[in-house]
Chemist: 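Have a look at this one.
All values reported here derive from a predicted model rather than from experimental measurement. Basis for what follows: all heavy atoms, side chains included, without hydrogens, waters or symmetry-related copies.
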Amino acid sequence: MHLGFKQKIIVSAGLFLGASLFIFGMLSFINLKQDLRQEIEQTQLAKAHALKLEIDSWF
């Protein structure tokens, strides 16, 4: 298969765009995963603290 100069530029640009979008997507996924994990942990700690206070007041 013989590609002309225009086709080579188009293929190169497409590959670059695809790789850029893939990397951006992976970085976004990793950041979102870390943020959600941290938010869930903070929520659970707050609930545990509230439950501890409730149990302490019950005794």
Side-chain angles (χ1 to χ4, degrees):
M1 184 168 142
H2 179 67
L3 295 177
F5 183 70
K6 277 186 176 182
Q7 287 83 13
K8 287 180 184 178
I9 295 294
I10 291 171
V11 169
S12 297
L15 289 174
F16 179 74
L17 179 63
S20 299
L21 289 173
F22 177 76
I23 291 169
F24 176 73
M26 289 303 296
L27 290 175
S28 295
F29 173 77
I30 290 168
N31 286 335
L32 180 61
K33 182 179 172 183
Q34 289 173 348
D35 290 346
L36 285 174
R37 181 171 284 158
Q38 186 177 23
E39 186 177 338
I40 290 169
E41 185 177 321
Q42 289 174 352
T43 302
Q44 293 302 319
L45 286 173
K47 287 181 180 180
H49 182 69
L51 184 59
K52 178 196 176 298
L53 292 176
E54 189 175 325
I55 291 172
D56 286 345
S57 70
W58 184 68
F59 282 125

Chemist: Rounded to the nearest 0.5 Å, how far does CG of L45 lie from CD of E41?
Modeler: 5.5 Å
Chemist: Hey, quick one: are W58 and L51 part of the same hydrophobic cluster, counting side-chain heavy atoms closer than 4.5 Å, chains of contacts allowed?
Modeler: yes
Chemist: Rounded at 0.5 Å granularity, tell me how far CD in Q44 sits from NZ in K47.
Modeler: 5.0 Å
Chemist: Please report the interatomic distance CG(L15) to OG(S20), rounded to the nearest 0.5 Å.
Modeler: 10.5 Å
Chemist: Nearest 0.5 Å, what's the OG-CD distance between S12 and Q7?
Modeler: 11.5 Å
Chemist: What's the spacing between I10 CD1 and L17 CG if we round to 0.5 Å?
Modeler: 13.0 Å
Chemist: Quick one: do Q34 and Q38 satisfy side chain to side chain contact (heavy atoms under 4.5 Å, CB included)? Show the steps, please.
Modeler: CA-CA 6 Å; Q34 289 173 348; Q38 186 177 23; over 6 Å; no
Chemist: Working to the nearest 0.5 angstrom, can you tell me the gap between L27 CG and L32 CG?
Modeler: 12.5 Å
